[in-house]
Amino acid sequence: MTYRNEIRPWAIFRVMPNGENECIYRFRTRSDADAYASILRQGGGVFLVMFDQPQPQSVNQG
């Protein structure tokens, strides 16, 4: 995950008809993500706000 994504852990995902999720936008705060998601929902579709924390990457020492 890039640094830009690390400082924006709150993400809005669009739920696709085939069951997959697509990350639409990322935000620093949950309140910003919730506000934008409510605007997106007015246009139709299913949008979820989630905390998308980056997974720690192990360093290969070998």
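Among all heavy-atom pairs drawn from A35 and S38, the shortest one is O-OG, 2.7 Å. Of all heavy-atom pairs spanning R8 and R26, the tightest one is O-NE, 3.1 Å.
Two residues are said to be in side-chain contact when any heavy atoms from C-beta on lie closer than 4.5 Å; I12 and F27 meet this criterion. When side chains are defined from C-beta on, F13 counts as touching D52, because their heavy atoms get closer than 4.5 Å. Contact annotation: the side chain of N21 never approaches that of M16 to less than 4.5 Å [non-hydrogen atoms, C-beta and beyond].
Other residues, nucleotides and ligands contribute more than 12 heavy atoms inside 6.0 Å of the CD atom of E22.
Under the salt bridge (charged side-chain N to carboxylate O under 4.0 Å, His left out) criterion, the residue pairs touching residues 32-50 are R30-D34, with sequence neighbours excluded.
No single ILVMFWY cluster, assembled from side-chain heavy atoms under 4.5 Å apart, contains both I24 and V15. Grouping the Ile, Leu, Val, Met, Phe, Trp and Tyr side chains by contacts below 4.5 angstrom, directly or via other members, places F47 with F51.
For the atom pair CG (L48) and CZ (R14), the distance works out to 12.0 Å, reported to the nearest 0.5 Å.
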